[in-house]
Each structure stands twice: as structure tokens, then as C-alpha cells.
Amino acid sequence: MRKVVWDMDPGIDDALALILALKSPKVRVAGITTVAGNAPVEKASTNARRVLEYLGAANIPVALGAASPLNRPLEDALSYHGSDGLGNCSLPPPKLPLQPLEAWDFLVQSVLDAPDEVTLVATGPLTNVAYAFELQPKLPELLNRLVLMGGAYGLTPYGKGNCTPFAEFNIWQDPEAAHMVFSSGADIFAVGLDVTMDPAACLNSQHLEQIKARHTPAARLAARLVEYQVKYHGCCRMHDPLALAVLLDDSLLDFTLAKVGVVKGNDWDRGVTRILPSDSLQLIHVASAVDGPRFLKLFLSRILKE
Ligand code: BDR
Ligand code: CA
């Protein structure tokens, strides 16, 4: 079983990924850190705890992280995810407190306590991860691996921007942090829009009917989240669940090894992730294809099981 520590910004697809993880025996979520991204960080951490408590997983600690990206104020995505960040799903507020450590301290401690064992999953802007790597420079090499949702690499027709025409949201939100993480020496698996925007990996209204027919807590919550996306956006993109899927079945996605440059600053190309032949960049694994139908089958079978 894989030990996962997870940095997230829930967010509808982060929450769907979390449900998927909690229903998957192959991973054990040992802790969650939250970051400003889809929602302000207080709301993101409330959401992580609302989901955990609703699914009977309140024993998983949640540590609060950065309230804004390294060099700029947050520009959240509540207009996309609903004013509560979870499609106005009406889950009750959390009862349990946050874990007392700050996110970066929690990340450092979790990895130092179990060197080479922790898989870090990052499904929001990379601010907390950058802070943790700065705090403990040995951290990248002590990780088992880092699986992240972020970037658009031009490897498929879908690998274009979703936040600007050229940049993906998580990287665009904090490109300085992404630059630090992408040159940290960690063993990185980047799942970007090239695969997550593949229409074959997207939930539609028929999938929603299947989920609605089931009456377990996981299925009920998933139905509310997916329904919001289908209603307002036509389908439910599975960005963050696809990053988690890498840990559940490594035959679902293909990866190519590439050197990736991240455009920092505030110009038109802010947050662009470019595959470049430069000697100064490290190699990372970039997702280049997904078996969409098989991924959706796996997702639904986990979400719908008892
Ligand atoms: C990413 O941005 C966020 O809105 C989603 O949660 C996902 O992590 C997709 O670009
Ligand atoms: Ca996210």
C-alpha cells in the first residue's frame, strides 16, 4: 500500500480525487495540506475536512498552508467550483480542528519520519511544496516520488491552456513555485491538460445517472459534485482524479521523459510549461496519453462500491 501525503486546494475535482483515494485499498492518505488555489486556503481546508468527516475519515490530519502564491495575490476559481468551492454541495461544516503544524512543517516532518516511503501528491498550486523544499533541501530526494496535476505540454491536441490560452491553472497561479519544484531534483510525474482535457476521460450526464442510482455516502457526495459540473460546464473534467489514478493503475497513462521550463513573471506567457532541450533543466515524467474509458471504469467502480 502506498503512503500518500497530499497537498490540495479543494475544489470539486480535488474532492472527487479524495473520494477515489479513500475508496482505493492501494493508497493510504497519511495527511493533507491545503493551499490557496481554487478557493482561499481557509475555505480549501474547511472543504478537505468536510469531505473527510462526511466519509468517516476524520482521523486524517489536515494542515493549513499558504494563503497566497509566492509573489502575488490569489486569484481563486470559485466562479468555476461554486461559492463554497464544492459546487454548493451543502455538506455540514467540519467539527474537528486543523492539525497544529503549518503545511510546510507537516510536509517536512512526514517525509523525514519515513524517508523514501512518502508519495507526495500535489493537486493545487505548488506554493506549499516550494516552501517545504526550501525549508528542507533534502526533501525532494527523500520522497518516493511527486505526482502532480499541472501544466499543458502540447503533447496532444488537448495540451493547451485552461486559465489563459497557453497556461494551466495550477502552474499559472504560482509559476515561481512551479519553477522551484520542477528544478528540485524530485522524481516528478506531471499529469497535465494533455490528458485531463481528453474528452474520453470526462464524466458526462450518463455517468452522473449511474452515480445517482447509488445511495452510499461516497456516491451521494460524488453525485452532487459531478452534477454541478455537468449542469454549469457540460461535463465533469477529471483533472485531479487522473493524477491520483497514476498510483492506482500505472497502465492507465503513458508518460514521456522531458525537460520542462516554466515561464515565471506576469507576461502573456505566465505559467506556460514548455518542453525544451536545455541542459539546465531536469528530466520529469510528463503524461502523454490516457486510456479514458478504462480510467472512468476504474473511477466509477471505486466510487460506487460499498
Ligand atoms: C487544476 O486547476 C484546478 O481548478 C483543478 O482543481 C485542477 O487541480 C486544473 O487545471
Ligand atoms: Ca486542484
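Both counts, for ligands and for their atoms, begin at 1 and track the order of listing. Source: prediction; values computed, not measured. Index from 1, following the sequence.
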*State whether the number of non-hydrogen atoms from other residues, nucleotides or ligands found under 6.0 Å of D250 atom CG is greater than 12.*
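No - once you tally the heavy atoms of other residues, nucleotides and ligands closer than 6.0 Å, there are 12 at most.
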
Under 3.5 Å, is there a donor-acceptor pair between the side chain of [X] and the main chain of [Y]?
X: H207; Y: N204; value: yes
X: K43; Y: G85; value: no
X: D194; Y: L155; value: yes
X: N144; Y: D116; value: yes
X: E168; Y: G151; value: yes
X: E53; Y: L96; value: yes

*Could you check L276, L283, V286 and say which one makes a side chain to side chain contact (heavy atoms under 4.5 Å, CB included) with K259?*
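For K259, the side chain to side chain contact (heavy atoms under 4.5 Å, CB included) check succeeds only for L283.
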
*Sub-3.0 Å protein N, O or S atoms surrounding the Ca ion (ligand 2)*: D9 OD1, D14 OD1, D14 OD2, T123 O, D240 OD2

*Apply the test salt bridge (Lys or Arg N to Asp or Glu O under 4.0 Å) to residues E117 and R2: give CA-CA distance (whole Å), side-chain angles for both, the deciding distance (0.1 Å), then the verdict.*
CA-CA 8 Å; E117 279 177 30; R2 236 175 224 285; over 6 Å; no

*Run through ligand 1 for me and note each protein residue having a heavy atom under 4.0 Å from it, chain first, then residue number.*
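Within 4.0 Å of ligand 1, the protein residues are D13, D14, N38, H81, T123, M149, N162, E168, F169, N170, H239, D240.
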
